[in-house]
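Below: one structure, written as structure tokens.
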Number of protein chains: 2
Amino acid sequence: MNQTEKPYVIGLDLGGTNSVFGIVDAEANVIAEVSVKTRGHNDNAQQYVDDCVVELRKIIDQVGGIEKIRAMGIGAPNGNYYNGCIEFAPNLAWAHEIVPLAKMFSDALGIPAALTNDANAAAIGEMTYGAAKGMKNFIMITLGTGVGSGIVVNGQMVYGSDGMAGELGHVIVERDGRECGCGRKGCLETYCSATGIARTAREILQKTNRPTVLRDTPIDEVDGLAITLAARKGDPVALEIFEYTGTILGRACADFATFNSPEAFIFFGGLSKAGDLIMDPIRRAYDENVLKIYRGKAKMLLSQLDDAKAAVLGASALGWELAMHNA
Amino acid sequence: MNQTEKPYVIGLDLGGTNSVFGIVDAEANVIAEVSVKTRGHNDNAQQYVDDCVVELRKIIDQVGGIEKIRAMGIGAPNGNYYNGCIEFAPNLAWAHEIVPLAKMFSDALGIPAALTNDANAAAIGEMTYGAAKGMKNFIMITLGTGVGSGIVVNGQMVYGSDGMAGELGHVIVERDGRECGCGRKGCLETYCSATGIARTAREILQKTNRPTVLRDTPIDEVDGLAITLAARKGDPVALEIFEYTGTILGRACADFATFNSPEAFIFFGGLSKAGDLIMDPIRRAYDENVLKIYRGKAKMLLSQLDDAKAAVLGASALGWELAMHNA
């Protein structure tokens with residue numbers, strides 16, 4: 001057994017639908033990958049871990065056994081870095097309470113494991129392999145079903161007093177605005193997530209008679225992709241939806257800059273695929289609204305990580321952090 | 001010369017009116033103090049430093065000479081920690097451009113010097129001597145002529161990519177709201193600073209006929225103290241002004257919590273003297289607005305530093321940081 005030769009870590013991207021495990025080397029190559037359904041497992045957390053480990057062992061064997069694996073990193077919704085638990089994840093039936101998932105995988109595999117929320121994992125991944133290489137102060141914004149964030153200060157993730165810091169998607173941008181899944185109103189994510197932009201489209205389609213190609217799609221199927229395709233064809237309503245969404249996000253980022261004066265904002269996830277359609281209004285609203293002393297300083301960047309692998313890479317980067325720490 | 005016996009640092013609280021220098025020991029005792037007018041000095045930064053040093057030498061001699069002094073810390077408006085400069089301070093005639101004040105004092109005195117903005121100095125002081133002792137993640141809010149902030153993450157000040165991070169007083173809390181000195185509209189400080197609360201009072205006095213003892217004071221002289229005294233007598237308008245001000249501040253803090261999930265918010269400065277009159281609505285609005293995962297976690301505290309000495313102690317704490325670092 002020679003643990004120093006070609007070591008690996010395991011990254012787990014724990015999503016609402018799939019749990020994707022990757023075995024990753026120090027150069028960010030995903031050597032082997034396996035996917036397990038996140039739901040099921042009798043809604044029991046231990047069963048989930050056991051079922052995952054059965055599949056995981058197969059790819060571990062492919063790379064030469066558990067001796068080659070230094071650590072495991074997990075990116076998961078409502079993940080608490082400090083205690084390695086998933087805490088009250090509304091969309092995970094086996095994690096409605098507190099589940100010590102890092103410890104459970106660590107015990108099952110006999111390697112150290114760490115866990116954080118998915119947006120933090122994305123930020124660590126970007127810092128380790130992507131657009132934030134070498135940056136000490138930046139803010140990662142993930143535009144998925146919700147809006148997540150990972151904040152880096154002095155080269156360190158901001159976990160806060162309880163391990164749950166960095167929920168910029170729940171900054172209230174419109175007092176008494178749209179209802180949010182968190183039980184409050186007007187959160188950033190009700191406007192700027194994939195579901196938020198679809199909601200904006202539905203509002204315009206229902207409240208106006210303005211002609212738009214978006215009417216060719218059943219209203220419940222108008223999503224970020226449909227709006228992006230329409231906007232690329234110059235559809236004025238679709239363009240306005242991006243303008244509206246990007247303006248809210250750019251203004252919010254201008255407020256966020258007062259916190260850690262970041263070197264960059266890095267955008268990741270579904271909506272960021274729209275490229276300049278969303279980035280142009282973000283940049284414009286940011287420049288118009290940011291405090292003078294910060295003007296022209298922060299870059300507005302797209303993630304540089306391959307989309308399909310970004311979440312696994314982010315989780316694996318957390319694994320490498322842990323491996324270094326334990327070395 | 002024995003530098004290890006009873007060492008001191010110099011703290012400078014550089015205010016718009018007075019520059020207060022204190023010689024401080026490791027137990028936060030201000031051994032000697034001297035004050036110099038900040039204005040004048042032919043509007044020349046070098047002249048300001050030279051004039052200050054003449055006065056400063058007198059108290060340095062009192063404590064046994066410069067050999068006893070390890071370092072100097074400066075808390076100043078628009079202070080940049082990274083380069084030790086005051087940058088474009090609108091209210092300092094000799095600092096409308098970039099003034100390398102830390103280096104200038106360091107050169108004149110022959111000791112290391114560091115500089116940061118006044119709210120950051122207050123946060124360092126609170127962490128070293130006050131309510132934040134032992135805390136690793138907290139937010140200091142200073143309620144003076146403006147609203148300042150000092151943010152601590154993982155036990156470190158947040159200076160950001162450019163040394164100018166932590167300007168939460170310029171988060172926009174009301175889109176197209178009150179005009180702010182920064183050139184934008186609706187900043188937190190236009191509502192929750194000493195000038196902000198006076199503005200709220202004037203608006204109510206001018207726009208309504210509601211009876212209040214505040215009408216006994218000339219309208220331009222209604223300030224935080226007058227409103228506090230009226231509220232303590234149960235004046236309903238004065239109470240409503242505090243409710244309004246505290247609600248805006250509490251809601252803003254609920255948003256700030258998403259950033260670093262602080263162990264505490266610590267309030268300092270003029271308006272915080274109103275005690276429960278301001279703290280009760282802050283706490284109420286915070287609890288009503290904060291994201292569920294943070295609820296009940298952050299303490300809302302008043303500064304524990306003696307008001308007259310807090311700014312000098314804060315600056316001296318920065319001096320101690322530097323002295324430790326150079327030791």
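Labels below follow one simple rule: chain letters A, B, ... track the order of the sequence lines, proteins then strands, and each chain is numbered from 1.
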Option that, when pairs with chain B are counted at under 4.5 Å, heavy atom only, ranks first among Lys297(A), Arg175(A), Glu174(A): Arg175(A)
Please determine, among Val158(A), Ile139(A), Asn78(A), the option with the most heavy-atom pairs under 4.5 Å with chain B. Val158(A)
Any chance you could measure Phe138(A), atom CZ, to Ser161(B), atom OG, to the nearest 0.5 Å? 12.5 Å
Part of Lys292(A) within contact of chain B (heavy atom distance under 4.5 Å): neither
Largest heavy-atom contact set with chain B, pairs under 4.5 Å, which of Arg184(A), His170(A), Glu263(A): Arg184(A)
At their closest point, which heavy atom of Val171(B) faces which heavy atom of Asp255(A), and how far apart are they? CA-OD1, 3.6 Å
Turns out that what part of Ile151(B) lies under 4.5 Å from chain A's heavy atoms comes down to side chain
Pairs of heavy atoms under 4.5 Å with chain A: top-ranked of Cys182(B), Gly169(B), Pro262(B), Gly183(B): Pro262(B)
Segment of Val153(B) engaging chain A (4.5 angstrom heavy-atom cut-off): side chain
Could you grab the distance from atom OH of Tyr159(A) to atom CG of Asn137(B), nearest 0.5 Å is fine? 12.5 Å
Portion of Lys136(B) that has a non-hydrogen atom of chain A nearer than 4.5 angstrom: neither
Is there a donor-acceptor pair under 3.5 Å between the side chain of Tyr294(A) and the backbone N or O of Met164(B)? yes
Are Phe259(B) and Asn260(A) side-chain neighbours, meaning at least one heavy-atom pair lies under 4.5 Å? yes
Enclosure of Glu203(A) CD (heavy-atom neighbours >12, cutoff 6.0 Å): yes
Does any heavy atom of chain A fall under 4.5 Å from the side chain of Val290(B), the backbone, both, or neither of them? backbone
Just checking Gln156(B): does its CD atom have more than 12 heavy atoms from other residues, nucleotides or ligands closer to it than 6.0 angstrom? yes
If you measure from CG on Asp162(B) to CD1 on Ile293(A), what distance do you get to the nearest 0.5 Å? 6.5 Å
Any side-chain heavy atom of Arg251(A) sitting closer than 4.5 Å to one from Ile172(B)? no
Within 6.0 Å of CZ in Phe265(B), more than 12 heavy atoms from elsewhere: yes
